[in-house]
Amino acid sequence: MRSSRRVTRWVVLIAALGTLLSAPNQAQTRFTSFAEVRDVLASLADVLPPELKVPDVSAAERAWTTWVERQDRTIRSRLQRGDEETIVNWLLFGTTFTKLPRVPLDSPDAASVDEAQRAKLIASRAVELANALAAPGQDERRLFARQLLARQGYTATASADRTRLAAHLTKLVQSVIAERATIAGELQAIRQVTDVSDQFAARSKVFRDRGLSLDTSFRPSFALEQSLAQMRQKGLLKPGTIRDVAVIGPGLDFTDKTSGYDFYPQQTLQPFALIDSLVRIGLITDPAAINVTTLDISPRVNDHLSRSRRRAASGESYRIRLPLDRDVKWKPPVVDYWKVAGDRVGSATTPSRATIVGAHVDVRTVAVRPAVMLRVEPLDLNVVLQRSEKHRFDLVVATNVFVYYDVLEQVLALSNVRAMLKPGGFLLSNNALLELPASRMRSVGYVTTEYSDTRDDGDHLVWYRAE
């Protein structure tokens, strides 16, 4: 009888652990109060939306409460547009659902392709993707795309359904290409600005009207390692002082952001690359002793990390793939980083070579140790409008995140980051953020990193310190 009760207790404990690991961290989060941002809003009176331009304090507080809740819904709704763009990238570059060549858009070969030929290729790939979604099997990309499109009223059951779906996919591609052309024009105008700082500031909000995309690559993680090494050299960071870290928008590769690779399972990279770099640089010694919290509003990201933690609790490692396109003229330090990335948090395989339709690529696979995976906890938090009551971080990183927001949203996010940083803690971001006295954050340095010989293939990473 006693043995039975003991077994029952173990079952209850295991079930509780599974519940804890299966959901995003339930640490208390809340919307930023009006009192906490009143000075920030006063500093930005000229750019406030009309509903926040209220002179009476009590009325302004009520207006803020209404606005912040509505704005949270608006920001979260942008995830669908980002998911649609992800599916478009998959249609253009994916190789697992078709043997047709990839669609050249930004490559050196793009200029030599006739527009009619490109349109025909896009239409053909749309048909093949629609056919692939009719039989998704266990493929997580096909299942996700099928579910998203079904919610919009497009199915792949019958032949007529697939024809209608292919037409819809083609229209999505055309819409995304038009949006990219608009952004390319804006970037071209930014290049004409003579002041480098003004250029950087303009680039830092260029995606403010786009959907929120989750796809990423290993490039920003290399820039982060370069920054951390410089910060240690300058004495800004010292060994043993970093224990609690946050990654805002860690990303989830559906199709690799730059090359569209889809031949490996979905993955998130930056949390593990960050731990790996902290160990390599000598800022921490034990990768299983640091706490990493990811801050994201995407259910897909949070669910992916929660399921990965659950598997790690059963002893399963987390695998990350690092593709390196051999057709790109990489800078030598980038290749050196790629050769060792992940080796401090897991076991890496010997690089393998693959010929993908339209590309030649080297691939490293790293099996991240379960103990490291368990140090990464997801938290559903909109950094523009929310903050955590529980967390105080030594270091926060946010790459390719604030570029999706306007000046007001960026300043609000900076204020929330400051509230979650310990005094003297750092935010590392590849976006220029407006520094207001009320934000109590100051830039103290930066590093510029080039990834390849391709134009604009680099990052300018700024270090902001909490006063």
Side-chain angles (χ1 to χ4, degrees), residues 17-18 20-25 140 214-225 228 242-254 256-257 261-296 298 300-324 334 336-352 361-379 393 395 397 399:
L17 178 61
L20 182 65
L21 295 176
S22 65
N25 190 336
E140 57 185 343
L214 307 182
D215 295 318
T216 182
S217 76
F218 79 93
R219 287 170 165 87
S221 294
F222 169 67
L224 283 170
E225 179 161 309
L228 293 168
I242 298 179
R243 298 179 181 84
D244 297 287
V245 177
V247 177
I248 303 175
L252 183 63
D253 284 345
F254 186 95
D256 175 85
K257 190 167 191 174
Y261 297 133
D262 64 337
F263 59 88
Y264 51 81
Q266 291 186 95
Q267 64 180 21
T268 190
L269 172 62
Q270 195 165 86
F272 311 107
L274 179 59
I275 299 173
D276 178 67
S277 292
L278 289 170
V279 176
R280 184 176 300 105
I281 294 167
L283 289 169
I284 64 174
T285 55
D286 182 5
I290 192 168
N291 302 308
V292 178
T293 304
T294 61
L295 310 178
D296 208 298
S298 168
R300 285 209 292 135
V301 172
N302 293 332
D303 179 64
H304 176 86
L305 286 167
S306 295
R307 286 185 286 108
S308 299
R309 280 172 51 81
R310 202 160 56 238
R311 289 192 292 267
S314 300
E316 184 177 333
S317 60
Y318 183 89
R319 293 185 180 274
I320 55 177
R321 277 79 173 179
L322 302 169
L324 188 77
V334 175
D336 292 340
Y337 169 77
W338 176 83
K339 290 178 179 178
V340 299
D343 65 1
R344 306 306 172 94
V345 295
S347 303
T349 62
T350 303
S352 60
V361 60
D362 291 334
V363 185
R364 290 182 66 243
T365 300
V366 178
V368 178
R369 294 187 291 275
V372 177
M373 176 70 246
L374 288 171
R375 305 311 299 175
V376 179
E377 289 191 78
L379 176 62
F393 301 110
L395 176 68
V397 302
T399 58

Q | Candidate pair L278 and L228, rule side chain to side chain contact (heavy atoms under 4.5 Å, CB included), full reasoning | A | CA-CA 8 Å; L278 289 170; L228 293 168; 3.9 Å; yes

Q. Which pair of non-hydrogen atoms, one from P250 and one from D296, has the smallest distance, and what is that distance?
A. CD-OD2, 3.2 Å

(Q) If you compare all heavy atoms of A341 against all heavy atoms of R364, which two are closest, and at what distance to 0.1 Å? (A) O-NH1, 2.8 Å

(Q) As an exercise, state the distance from CZ of R310 to CG of L305, rounded to the nearest 0.5 Å. (A) 11.5 Å

Q | salt bridge (Lys or Arg N to Asp or Glu O under 4.0 Å) against R319, all qualifying residues, sequence neighbours excluded | A | none

Q: Starting at CG of L274, measure out to OG1 of T294 and round the result to the nearest 0.5 Å.
A: 12.0 Å

Q: Determine whether T293 and V245 make a side-chain contact, defined as any pair of heavy atoms from C-beta on separated by less than 4.5 Å.
A: no

Q. Given D253 and T268, is the side chain to side chain contact (heavy atoms under 4.5 Å, CB included) satisfied, shown in steps?
A. CA-CA 6 Å; D253 284 345; T268 190; over 6 Å; no

Q) Got F263 and V361 here, is their nearest side-chain heavy-atom distance under 4.5 Å? A) yes

Q) Which atom pair, heavy atoms only, marks the closest approach of V247 to P271? A) CG2-CA, 4.3 Å

Q. So which heavy atom on S317 is nearest to which on A367, and how close?
A. OG-CB, 3.8 Å

(Q) Determine whether Y261 and V363 satisfy the following criterion, side chain to side chain contact (heavy atoms under 4.5 Å, CB included), listing intermediate values before the conclusion. (A) CA-CA 11 Å; Y261 297 133; V363 185; over 6 Å; no

(Q) side chain to side chain contact (heavy atoms under 4.5 Å, CB included) for F254 and D262? Distances and angles first, verdict last. (A) CA-CA 7 Å; F254 186 95; D262 64 337; over 6 Å; no

Q. With sequence neighbours left out, what residues match E140 under side-chain hydrogen bond (donor to acceptor under 3.5 Å, both in side chains)?
A. Q266

Q. If we only count heavy atoms from C-beta on, is the S314 to R311 side-chain gap below 4.5 Å?
A. no

Q) Sequence neighbours excluded, which residues qualify as side-chain hydrogen bond (donor to acceptor under 3.5 Å, both in side chains) partners of Y337? A) none

Side-chain atoms of residues 283-291: list all donor-acceptor pairs with protein atoms under 3.5 Å, sequence neighbours left out, distances to 0.1 Å.
| from | atom 1 | to | atom 2 | distance (Å) |
| --- | --- | --- | --- | --- |
| D286 | OD1 | A288 | N | 3.0 |
| N291 | OD1 | R375 | NH2 | 2.4 |
| N291 | ND2 | D244 | OD1 | 3.0 |

(Q) Can you confirm whether I320 sits close enough to F218 that some side-chain heavy atom of one is under 4.5 Å from a side-chain heavy atom of the other? (A) no

Q: Work out which heavy atom in P378 is nearest to a heavy atom in S306; give both atom names and the distance.
A: CG-OG, 3.6 Å

**Q.** Side-chain donor or acceptor of R309 paired with backbone N/O of V376 under 3.5 Å
**A.** yes

(Q) Can you list everything that forms a ring-ring contact (aromatic ring centres under 6.0 Å, His included) with Y318? Sequence neighbours excluded, please. (A) F272, H304

Q | With R243 via side-chain hydrogen bond (donor to acceptor under 3.5 Å, both in side chains) - residues at least two apart | A | none

Q: Using side-chain hydrogen bond (donor to acceptor under 3.5 Å, both in side chains) as the criterion, list what pairs up with T399, not counting sequence neighbours.
A: Q270

Q) If you round to the nearest 0.5 Å, how far is CG of L295 from CG of L379? A) 5.5 Å

Q.
Going by side chain to side chain donor-acceptor pair (under 3.5 Å), name the pairs with one or both residues in residues 272-281, residues two or more places apart or in two chains.
A. E225-S277, E225-R280, D276-R280, R280-D343

Q) Quick one: does R300's side chain have a donor or acceptor within less than 3.5 Å of a partner on L252's backbone? A) no

